[in-house]
Amino acid sequence: MAKIYVGIGGWTYAPWRDNFYPRGLKQADELSFASRHVSTIEVNGTFYRTQSPESFRRWAEEVPKDFVFSIKAHRLTTHRKVLAESAPAVTRFIDSGLAELGKKLGPILWQFAPTKKFEPEDFEAFLSCLPPKLDSLKLRHVVEVRHESFCNEDFVALARRHKVAICLALSDKYPLIADPTADFVYARLQTSQAKEQQGYPKKELDRWAGYVKQWSGGKAVAELPLLAKPPAAKAKGLDCFLYFIAGAKERNPAAAMALMERLK
């Protein structure tokens, strides 16, 4: 059975103390609370600074056994002119303590600057730097690209060859690439609205629930445009990771929980 994870970005956000966290909840208990209302959290703090192994170990201890974290890689790994030179930074990041999460380690997100263009040879050199394992843990990698030059089938073929997922970004700023290229789907929904109590209109949440059911059931989503011909259909569905990120952040926990309710 394909697995489905729905969550939010981070767990420390002051406005959530008014509309998500119970009044009076200690800040030290916010991760524990959040992890029992969503099934995954994307850690964004790792993009800006290196965390200690002790931090990863503590996070793993505070969440349920079936919870997973996705981890955004440090920007020094991706924000560089020549990606072929990323290998040392990639190794440092992977070895910074991720293994402490154990089976609670979900996909690793490698996010690129909006100005970074698709240069096939250089980007393939970067993908070749990504290790398939960390000790006994199988690693899953996902790339979030933000320049229109990536909207071509050569990029899709490259990601598929390396079994790296392309982040499906629902955004007002960046291109949406919906081609499945790995054994999982990774989506970042970034357009929540403050006027909507659940972040998104009910019909839109219904639509995304339908997409997840199709992906996890091994079916293609006909409503989403693809850049390349999809691979042959497989009986096994794709694991799905969906995160409500950015937009009206104060609404994102409600959006995640509303989507989870639709997927029961």
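All heavy atoms count here, side chains included; hydrogens, waters and symmetry mates do not.
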If only side-chain N and O atoms count, and only distance matters, is there a donor-acceptor pair under 3.5 Å linking [Y] with [X]?
{"X": "Y243", "Y": "T40", "value": "yes"}
{"X": "S70", "Y": "Y5", "value": "no"}
{"X": "Q111", "Y": "H79", "value": "no"}
{"X": "S96", "Y": "R92", "value": "no"}

Which distance, rounded to the nearest 0.5 Å, do you find between the [atom1] of [X] and the [atom2] of [Y]?
{"X": "F56", "Y": "L105", "atom1": "CZ", "atom2": "CG", "result": "8.5 Å"}
{"X": "R58", "Y": "E100", "atom1": "CZ", "atom2": "CD", "result": "12.0 Å"}
{"X": "L101", "Y": "E61", "atom1": "CG", "atom2": "CD", "result": "10.5 Å"}
{"X": "L134", "Y": "K138", "atom1": "CG", "atom2": "NZ", "result": "14.5 Å"}
{"X": "W215", "Y": "L224", "atom1": "CH2", "atom2": "CG", "result": "5.5 Å"}
{"X": "I108", "Y": "F69", "atom1": "CD1", "atom2": "CZ", "result": "14.0 Å"}

Ion pair check, [X] and [Y], cut-off under 4.0 Å:
{"X": "R161", "Y": "E124", "result": "yes"}
{"X": "K163", "Y": "D183", "result": "no"}
{"X": "R188", "Y": "E144", "result": "yes"}

Has [X] got a side-chain atom pairing as donor or acceptor with [Y]'s backbone, closer than 3.5 angstrom?
{"X": "H162", "Y": "V164", "result": "no"}
{"X": "N152", "Y": "D154", "result": "yes"}
{"X": "S32", "Y": "D29", "result": "no"}
{"X": "H37", "Y": "F33", "result": "yes"}
{"X": "S55", "Y": "Q51", "result": "no"}
{"X": "W208", "Y": "L242", "result": "no"}
{"X": "Y200", "Y": "T191", "result": "yes"}
{"X": "T77", "Y": "A73", "result": "no"}
{"X": "D239", "Y": "K3", "result": "yes"}
{"X": "D179", "Y": "L226", "result": "no"}

If we only count heavy atoms from C-beta on, is the [X] to [Y] side-chain gap below 4.5 Å?
{"X": "L263", "Y": "V6", "value": "yes"}
{"X": "H147", "Y": "F118", "value": "no"}
{"X": "F123", "Y": "L83", "value": "yes"}
{"X": "Q27", "Y": "T12", "value": "yes"}
{"X": "L176", "Y": "S171", "value": "no"}
{"X": "V43", "Y": "W11", "value": "yes"}
{"X": "F155", "Y": "V145", "value": "yes"}
{"X": "R251", "Y": "Q197", "value": "yes"}

**Q.** E121, CD atom: more than 12 neighbouring heavy atoms under 6.0 Å
**A.**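 It does not: E121 CD has 12 such atoms or fewer within range.
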[X] and [Y]: which non-hydrogen atoms are nearest, and at how many Å?
{"X": "E204", "Y": "L170", "result": "OE2-CD2, 3.8 Å"}
{"X": "T181", "Y": "A165", "result": "OG1-CA, 3.3 Å"}
{"X": "I71", "Y": "L98", "result": "CG2-CD2, 4.1 Å"}
{"X": "S216", "Y": "C240", "result": "N-SG, 4.0 Å"}
{"X": "I94", "Y": "P131", "result": "CG1-CG, 4.1 Å"}
{"X": "S192", "Y": "A248", "result": "OG-N, 2.9 Å"}

May I ask whether [X] and [Y] are part of the same hydrophobic cluster, defined by side-chain heavy atoms of I, L, V, M, F, W, Y residues being less than 4.5 angstrom apart, directly or through others?
{"X": "W59", "Y": "Y21", "result": "yes"}
{"X": "L168", "Y": "I177", "result": "yes"}
{"X": "Y186", "Y": "I4", "result": "no"}
{"X": "L139", "Y": "V68", "result": "no"}
{"X": "V63", "Y": "M260", "result": "yes"}

Q. Does the separation of the ring centres of F112 and F126 fall below 6.0 angstrom?
A.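 That pair passes the under 6.0 Å test.
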Q: Could you go through the side-chain contact (heavy atoms from CB on, under 4.5 Å) check for Q193 and Q198 one step at a time?
A: CA-CA 8 Å; Q193 305 170 47; Q198 295 182 326; over 6 Å; no
Q: Could you tell me how the ring of H141 sits relative to the ring of W110: parallel (under 30°), tilted (30 to 60°) or perpendicular (over 60°)?
A: tilted
**Q.** Derivation and outcome, side-chain contact (heavy atoms from CB on, under 4.5 Å), residues I245 and I8
**A.** CA-CA 6 Å; I245 304 283; I8 52 180; over 6 Å; no
Q. Is the NZ or CZ atom of K104 both under 6.0 Å from the centre of the six-membered ring of F67 and within 45° of that ring's axis?
A. no
Q | side-chain contact (heavy atoms from CB on, under 4.5 Å) between E30 and Y13, intermediate numbers included | A | CA-CA 10 Å; E30 289 176 350; Y13 183 57; over 6 Å; no
Q: Would you please test F20 and M257 for side-chain contact (heavy atoms from CB on, under 4.5 Å) and show each step?
A: CA-CA 11 Å; F20 176 43; M257 290 186 289; 4.0 Å; yes
